[in-house]
Amino acid sequence: MSDLNLFSVLILSALIVFFLSQKKAKNWQTSAGSERVHSLPVYYGYFGSIWTVIPALFVFAFWSFFSTNVISTMVVGQFVELQALDKSSLSLALNEIYLMSDASIVPSLSDNTIKAQAANLFMQYSQYSAIFKSITVLAIAALGFILTYWRITPTTKARNSVENIVVYALLSCAVIAILTTAGIIFSVLLESIEFFKTIPVSDFLFGTHWSPQIALREDQAGSSGAFGAVPLFWGTIFISLIAIIIAGPLGLISAIYLSEYASKRVRSIVKPVLEILAGVPTVVYGFFAALTIGPLVRDFGYWLREMGVNLDIQILANLTVSTESALAAGLVMGMMIVPFILSLSDDVIAAVPDSMRDGSTAMGATKSETVWKVIIPAALPGIVGGFLLAISRAIGETMIVLMAAGVASNLTANPMNSVTTVTTQIVTLLTGDQEFDSVKTLAAFALGLGLFITTLVLNIIALHVVRRYREQYE
Amino acid sequence: MRKGTDVELLQNLGDTVGKPLIDGDSRMSCSKVDVFYNNNNQAIFDISVDLGKNEILAMIGPSGCGKSTLLRCLNRMNDTIEGCKVEGEITLDGIDVYSKNIDPVLLRSNVGMVFQKPNPFPKSIYDNVAYGPRLHGLARNGAELDDLVEESLIKSGLWKETKDRLNKPGTGLSGGQQQRLCIARTIAVKPEVILMDEPTSALDPIATATIEELMYELKSSYTIAVVTHSMQQAARISDRTAYFHLGRLVEVNETNKVFTNPEHELTENYITGRFG
Amino acid sequence: MWLEDIESNMNNTKIVQASLKKRYAKERRFKAYGIFSISLSLLFLSFLLFDITHKAMPAFTQTYLKLDIDFSYKNLKLKEGSRYSEKELFSASYRQLTSKSLYEIFPEVTNRKDKKVLRNFVSSGAQYNLRDLVIENPSLIGTKKSIWVLADDDIDSFAKGLIDRNLPESERRIKDNQLVWIDTLEADNRIEKRLNIGFLTQGDSREPEQAGIWGAIKGSFFTMLITLILSFPIGVAAAVYLEEFAPKNNWFVDLIEVNINNLAAVPSVVFGILGLAVYINLFGLPRSAPLVGGLVLFLMTLPTIIIATRAAIKSVPPSIREAALGVGASKMQMISHHVLPLAMPGILTGSIIGMAQALGESAPLLMIGMVAFVADIPQGFMDPSTVLPVQIFIWSDSPERAFIALTSAAIVVLLIFLFLMNLLAIILRKKFETRW
């Protein structure tokens, strides 16, 4: 029986059991009411179908999930030649076997290589597995039905039981959050460990040369690549710094103006309009940065260089200028972050109690004095938390830097020059056809690990600071 | 004494009875003040009352009677509320505080205010008291500022308790101490008038007694207007008492007279607890 | 008088008054900074929108050339006969139809190289349009007819004024002889700009004049569908658990909460890594599939929906819960009959905003292979496809000038979708807003 059919049968039986159980419960109600029925009939319906189908579904899912691996192991066990292969070539061979065993490519089974034999065996085992799976799953469903249907009585607490199960279902939905984090850690950690077996952690963290492009042939010069991530870290920090230098004051001052000075009308118009900035997809910013702001920054750089030559300022005259620049990416990213900082600052400023404002105003302070001397100091922890969140967002931003900052790793303090970032490298290394186990690919996971840890720490600190701040005024 | 049912009385609130205006020099004086919120919502109707020098005027009345609104008009705190309009004339030493060339900042440095809930800034005790002087540049150097802070804390009776912990946050003090800190903060600017909006309503009885004593002492140097919910408090500390009702000033008289022999029946009903 | 009362110790009026001018100047300056900051952001936003719309304009029209096509048997390489099967028509030769027509118009062009240039006036896609035309209407065979065919992107760019004819020849993509030919065609009224419908109905193509976003829109649709189907019920369920059932001061619940808050701020590329490592490498799901894209975006959107739903549930007043419990409803009944329906507008608003974010997301999808060139329109959840924002990324990387307009136009389409979604959220919020 195919998986889809089996699934349909289960769902169908759930429906049937639902009506059967409900009917049974309704019969109690109509038959001379000797005893009170505990729950509404519909709950007995749910109760019956849950116990019939859920355990069967679990077995179904587990079997489906693990069968391929189990069967592969069994097949490999039959062939000494396959056992002799190392890990990566085994996985390649297995892939081939899967493909060959796919029913649609039957002709390839005619050849008599080990792989073809293995594929044949694989197909055979899979068929057995499917048959046993159907039998087991249906047996469990039948057992569940028998155990519940004949044992429900008017005193069975069907509602409580069903509700308890629903609570567990809800809980398992919430647990997905933990699973996601675990999945992230699992995916970056394993590969990173693999990576650090080849490249020492210190080389990665403190090396200043990054060129992951490994030569095609093993014996070529520089085939090992260089994995010193300092230029990437610097590029990331540099661009985030530019972004935050722009977005910080702009966002904060806008928030202050909107919350303390602007009339309600202006506020109700300007705030949503500025929030449009936050809703624009990052790829749009990337395009804008690369095609519009980039050339503008480059032209400005040329102008600066000319000025440098004319006025004989060495630093300017030797300026390296490129279309893909840290400044262009940072500028646009800064503008993207403005509404983020604006709304976070707005929240914390609004949380400062009005009594503070009144107190200060009654002392004869002007509005700006109240803002600078009372509100900002009072809101400072919250503002700092907001800035940390903004920095974490800037560090993790990908599309803008990918499109506008370039992929050349430069350890430079010149904002007109192109730099590359952690996120850019992750995407560049992981897109396109890669061997999954090459050092180059593993490097992306190591970078991912670094990125995850950094943003995680920033977020935890920021959330903690903001929460402490909120509690202070609650 | 006017007679009639409460409802009739409420419908025919006439002119203020008693002595709203004083004979001698007044420090502040209100004349025919109307206050509106959002154009048509009138909160205060035609109020005229004087604040004499070195006196405590208590303002009493049921909630929503407009006493706090009037208080906030006296140092133009109402300016911060959108859509609030004040008509009539309020003068400080004869000068109209709502006239165009009077600056609210300047006015507020002369008419300080203490609020219902103690609201020390989240700064040190010292910085709280030094806040006003620093704003207005009242001290020429650090030593002067130190003196000013000390003087204000002494006047507010907080010096002994806080002289060793001036750098500790003001929010760490007890409620009564916080309120005295707010008073110290206010008098550090050396105002002429101090407005107090139910200064003890958030405090326990002992702290309340301390604040009341302090108000009595401050009377010698300042004019004080205090809004209070507690008739006992008004009776204990004030020289004159003003009774407000539904945005109107019903009666102003010497405190003794208000509490022993009120002229208006509404006042009598209120102080005898028939409503409010 | 307090204004003149200088001698009095008590009074600092003079000092205060002296400081006022400076303080008010500061105040005005600060206010000006505020207005400046806000104006700057607004200016940036307008510049961004204007710039992109402006760049997108050329993509909405497409240049066509009127050619006299000779559908002769010889040209089509069909044997003279009465009926042709569709297969025969399909495999007939259409390549030279347009070239021959062009050679007829410009008999003076004889040089092989020039001929090639001339031939390329017509888009390489034109032959397929002609093929479709013939298959649809076989009676065309053997006749000669004037037909508007798609022009090449360079001709298109020139016709739209994007190439300056006053530049020196070496800096122009349109050379001098091409200019002459274009002018001739123009004089003959053989050049026309039409609405670019293909942009909305076709899949991606290497040729800008044939490239469209329908494939990307469908890819986005399938991806979003998966995201919505998973993240909405699971997000709401998780929020209901955390808000209504989770025990307080329980380390496991705290762990869940910390995880949700952090996941909301984890960079999107990290989710891409997760998708690559878990969905593709571990589970063996196919690359470039909307299913995997949807699964990745589901994990990204989940925290947003959970947080929004929790806020919405929190805003349902306790009085309603108490009323429900008071008439004997179980907790589950109270939630499903009262709390959730009342919280639904807030939940929907939050979910729409989460979906809008997911619709604009591109970085994690690059890593699960949705960045591949896909010309076919995807028909299901497993077909290789791309999504709108990734299509924008792919096009923005293309060297042809015409792709700038296409990219911008695709951005305009994406922004319109996002705008509509946000509008829906705002309308929902306004319509069902309840103040308790």
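Just so we're on the same page: letters track the sequence lines, and every chain starts at 1.
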Would a 4.5 Å heavy-atom cut-off, applied to side chains only, mark A:Ile176 and C:Leu302 as touching? yes

Stepwise salt bridge (Lys or Arg N to Asp or Glu O under 4.0 Å) check, A:Lys367 with C:Glu27: CA-CA 7 Å; A:Lys367 249 184 179 164; C:Glu27 173 84 8; over 6 Å; no

Between A:Leu451, A:Val166, A:Val167, who has the most heavy-atom pairs with chain C when the cutoff is under 4.5 Å? A:Val167

So which heavy atom on A:Ala177 is nearest to which on C:Ile260, and how close? CB-CG1, 3.5 Å

Under 4.5 Å between any side-chain heavy atoms of A:Phe445 and C:Leu276, yes or no? yes

Do you know the tightest heavy-atom contact between A:Gly364 and C:Arg23? O-NH2, 2.8 Å

Considering all heavy atoms, the nearest A:Leu170-C:Ala237 contact: CD2-CB, 3.4 Å

Would the A:Phe287 and C:Trp395 ring centres measure less than 6.0 Å apart? no

Correct closest heavy-atom pair for A:Thr282 and C:Ser362 would be OG1-OG, 4.4 Å

Find the one option among A:Glu369, A:Glu397, A:Arg393 whose heavy-atom pairs under 4.5 Å with chain C are most numerous. A:Glu369

Which answer fits C:Ile368, side chain, backbone, both or neither, if we ask what part of it has an atom under 4.5 Å from a heavy atom of chain A? neither

When rounded to the nearest 0.5 angstrom, what distance separates OG1 in A:Thr428 from CE in C:Met367? 10.0 Å

Worked check of side chain to side chain contact (heavy atoms under 4.5 Å, CB included) between A:Thr366 and C:Arg28: CA-CA 10 Å; A:Thr366 63; C:Arg28 274 193 302 277; over 6 Å; no

If you count heavy-atom pairs under 4.5 Å between each of A:Gly251, A:Pro249, A:Cys173 and chain C, which one has the most? A:Cys173

Does any heavy atom of chain C fall under 4.5 Å from the side chain of A:Val338, the backbone, both, or neither of them? side chain

Is any side-chain heavy atom of A:Trp372 closer than 4.5 Å to one of C:Phe30? yes

Interatomic spacing from OH in A:Tyr257 to CZ in C:Phe36 - rounded to 0.5 Å: 14.0 Å

Out of curiosity, C:Leu366 CG to A:Leu402 CG, how far, rounded to the nearest 0.5 Å? 6.5 Å

Show your reasoning for whether side-chain hydrogen bond (donor to acceptor under 3.5 Å, both in side chains) applies to A:Thr292 and C:Lys55. CA-CA 10 Å; A:Thr292 307; C:Lys55 283 198 175 117; 2.7 Å; yes

In Å, rounded to the nearest 0.5 Å, how long is the span from CD1 of A:Ile184 to CG of C:Leu263? 5.5 Å

Heavy-atom distance under 4.5 Å to chain C: side chain of A:Ile256, backbone, both or neither? side chain

A:Met403 and C:Ser396, any side-chain heavy atoms less than 4.5 Å apart: yes

Of the backbone (N, CA, C, O) and the side chain (C-beta and beyond), which part of A:Leu463 lies under 4.5 Å from a heavy atom of chain C, both, or neither? side chain

Between A:Asn459 and C:Ala265 the two heavy atoms that sit nearest each other are ND2-CB, 3.2 Å

I'd like to check C:Phe252 versus A:Val175 (side-chain heavy atoms, cut-off strictly below 4.5 Å). Are they in contact? yes

So which of C:Ile273, C:Leu242, C:Leu255, C:Val270 has the largest heavy-atom pair count under 4.5 angstrom toward chain A? C:Ile273

May I ask you to test the A:Thr180-C:Asn259 pair for a side-chain heavy-atom distance under 4.5 Å? no

So which part of A:Thr455 gets closer than 4.5 Å to some heavy atom of chain C, the side chain, the backbone, both or neither? side chain

Suppose we screen for side chain to side chain donor-acceptor pair (under 3.5 Å). Which residues come up paired with C:Ser268, at least two apart in sequence or across chains? C:Glu361

Of all of A:Leu277, A:Thr423, A:Leu258, A:Leu449, which one pairs up most often with chain C through heavy atoms under 4.5 Å apart? A:Leu277

Is the shortest heavy-atom distance from the side chain of C:Leu282 to the side chain of A:Phe186 under 4.5 Å? yes

Once you round to the nearest 0.5 Å, how far does OG of C:Ser408 lie from CG of A:Leu291? 7.5 Å

Which one of A:Glu260, A:Met399, A:Arg159 has the most heavy-atom pairs closer than 4.5 Å to chain C? A:Met399

Heavy-atom contact with chain C under 4.5 Å, split by part of A:Ile460: both

Heavy-atom closest pair, residues A:Ala174 and C:Ile256: O-CG2, 3.5 Å

By a 4.5 Å heavy-atom criterion (distance strictly below it), what part of A:Val162 contacts chain C: side chain, backbone, both, or neither? neither

Enclosure of A:Tyr261 OH (heavy-atom neighbours >12, cutoff 6.0 Å): yes

Please table the atom pairs, donor to acceptor, closer than 3.5 Å between any side-chain atom in residues 40-49 of chain C and protein atoms at least two apart or in another chain.
residue	atom	partner	partner atom	Å
C:Ser41	OG	C:Ser37	O	3.2
C:Ser46	OG	C:Leu42	O	2.6

Gap between atom CG of C:Asn261 and atom NE2 of A:His464 - 0.5 Å precision: 13.5 Å

Given heavy-atom pairs under 4.5 angstrom as the criterion, report whether the side chain, backbone, both or neither of A:Ala247 touches chain C. neither

Of the listed A:Ala462, A:Pro272, A:Pro281, the one with the largest count of heavy-atom pairs under 4.5 Å with chain C is A:Pro281

Among C:Lys26, C:Glu257, C:Lys31, C:Lys331, which residue has the highest count of heavy-atom pairs closer than 4.5 Å to chain A? C:Lys31

Most heavy-atom pairs under 4.5 angstrom with chain A, which of C:Leu299, C:Val258, C:Asp397? C:Leu299

Can you tell me if OH on C:Tyr33 sees more than 12 non-hydrogen neighbours from other groups inside 6.0 Å? no

